[in-house]
Structures are given as structure tokens and as C-alpha cells.
Amino acid sequence: MNTSNNISIQETLEKVKARDSKLKKTSHNMMIVYLIGVIIYLGIFVINPDPDFKFSERISGLFYIIGFIILGLYFRYYKRMISNLDYTLPLISVIKQAERRYYFYNKNLLWLLLAVLIIGIGVVISVQKRLPDSLTTFESSLIVSISYLLIITISFIFGIIRWRKTEKPIWLKLRQALKE
Amino acid sequence: MNKKEKEDLFKKLVTENADKIKNICKYYSPDSASEDDLYQEILINIWNGMDRFRGDAQWSTWIYRVAVNTSLGFAGKSLKVQKLYAKRFPEEAYQNLPEEKEDKQWSENDFELLETELNQLSIIDKAIVTLSMENVKSKDIADIIGLTESNVRVKLHRIKQHLAHVLTSKS
């Protein structure tokens, strides 16, 4: 028996409305979370009236905030893109869109790299001050930069491995379909 | 179109096209539970896409387009290219596919071979096969997929030839 017959249109309409509203709510929540993050960091690092709070700490906080704003906008854009995906286009157009979306090195990666770079500057400024005084500013900055770069590189490698395992096979299928 | 008009149109479209959508769901679903999920997903995409309909095709063609795109796995956050379940094709449509097999009885082995071969086809060819199963005209298939009508005819002919060749040589 085909159980699809049991699904009423009314029930489906309720579901689509619920889903639409959930999607809107999730997007809204993400926006609020990042906004709160930016406000907290702004309060702690930039507005903080404590006279002992070093200027360099404030500058590093500013970099964190800029990085968070970029990440926040990136996820906002990503959410919007997902909720605006148009399945009503001809199949070839949908495949072209998906192929671009599933390619690891797409232009959106640049925004992530920019955010990582800006946060990295903030990390170097704030963490290098906590290293032993025997090190020069250049040496401690170099140690922090290399450590940060190492962590980012490892994360990037994990990202590529994950992409190769899960998304690359799909991307290859899409590319092959377009070639044909 | 206001909300009430949209709801009325949606109900009308779903009522008129329910069988078409369910058939497409059946080809891409291993069981009736998955079929229901896919059916819901298609209806959600029809609802979400209705505002984008510009009248460049008939509603029924447009609904096939949404159904095929959703069934192939383009909906939602994760994309996976769906498998075709040949055993769930209607018998008459099944007989219609590889021309050389028309008069023969289908064995279990034939079904398995056909299913394996169908799932090795490209995404576009899979879509062409499912739509031809539904006796959709080549012109409409071309509109749904975004190819020219002659291209669809050539592709369909090649797919049939290939499947017939595989079935006669392997079975």
C-alpha cells in the first residue's frame, strides 16, 4: 500500500509553514549569537574602562571583533544561500549551482581565510605578551605566528580530508554530468 | 498572489499532480517510508518555489522539474546523488525501456542488472530515464532538464541501446 496517500495536503501545508518559520528563526538566532559575541568582545577589549588594560590588548580585541563580524556575515550569507536554493530551475542549472557550491576552493573560502588572518593578527598581538620576557617581541611574535599557522594548517588539512571523503565524490559526479 | 491564493493554488496543484509526484518518489525510494519523506520534501520545495514560477512552462512540467531535482538529492543542506530503484518501476514502463527486451520475461537477474546499470548513468541520464518512464514528452523532458529536444531524443535512444546491449550480453 502506498502510504503517501495518507498524507493530507493540509498536513503538508502545516509542515511547510513550520519549516519556513524554523529556518527563519535559525537564521535570526545565528545573527543574534554573532551580534552578542561582537558586543561582548567590544565591551571587554575596546570599551573596557580599566586603566591597566593595555592598548595592545584593545587592538587585538578589535581584530577579534572584525574577524567575528566577517564570520558572522559569512554564516548569514551561507544560511541565506541554502534557504534560497532554487530547485525550480532546469536540472542542468541546478547541477551547475551545486557543482560550484561543492567545490572546495570556491571564492567564499577567501572570506574565511580573511577572517582567520585577521583573528590571527589579534592572537599574535595578545598572546605574544604572555610569553617569557627573555624573548624579544619579534621572537615571541614569530613563535605565536608559527603555532597559530600550524593549528590553522592542521585544521585546513582536516577540512580537505573531510571534503575528499564526503563531498568530492559528489562534486566529481556533478562535474562529470555537466561534461557529458 | 496573497497567502490564501497561494494555499488554494498549492492544494489544487498537489491534488492534480499527486500521482506524478508519487511515481517519481517511488523510483528514487527503497521503501514507502522513504517515499513519504521524499514526497514531503518535494511538496515543501513546490511551496517554496511557487513564488518563483514565471509561467515560462506549464505547471505540470514545472512540478516534474521540482520533483526530479528534489529526488536527485538537490534539496536540503546535504546533497547526495540518489539511487534509482528499478524494481519499483511500474511493469508497463519497465517493459518499455530496453527495446530489445520487450517480448521477454524479466528475471530477478535482469532486474538486478538493469538496476546496476541505471545507477551507473549520469544524473542527467537518470532524470531522463525516470521522466520517460512517466511517458513525459521529449519536449517537456528537454524543458525540465535544460537540454534541447533533439539532445533528449538522442540521449534516450543511446540509454536504451546501452541497457539493451548490457542485458542481452550479460544475462
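Proteins get letters first, then strands, A, B, ... in listed order; numbering begins at 1 in each.
Note on A/Trp171: it clusters hydrophobically with A/Phe104, by side-chain heavy-atom contacts below 4.5 Å among ILVMFWY residues.
In the displayed structure, B/Gln120 atom CD is contacted under 6.0 Å by more than 12 heavy atoms of other residues, nucleotides or ligands. Surrounding CG of A/Asp133 are at most 12 heavy atoms belonging to other residues, nucleotides or ligands under 6.0 Å away. Within a 6.0 Å radius of CH2 in B/Trp59, more than 12 heavy atoms belonging to other residues, nucleotides or ligands are found. Counting non-hydrogen atoms of other residues, nucleotides and ligands closer than 6.0 Å to NZ of B/Lys20 gives a total above 12.
Of the residues listed (B/Leu131, B/Leu72, B/Leu147, B/Ile128), the one engaging A/Leu91 in a side-chain contact (heavy atoms from CB on, under 4.5 Å) is B/Leu72, and it is the only one.
Within the 4.5 angstrom heavy-atom criterion, atoms from both the backbone and the side chain of B/Ile145 approach chain A. Looking at B/Arg52, the atoms closer than 4.5 Å to chain A (heavy atoms on both sides) all sit in the side chain, from C-beta outward.
What you find for A/Tyr87 and B/Asn69 is that their closest heavy atoms are O-ND2, 2.8 Å.
Using a 4.5 Å cut-off on side-chain heavy atoms (C-beta onward), A/Ile92 and B/Ile124 make contact.
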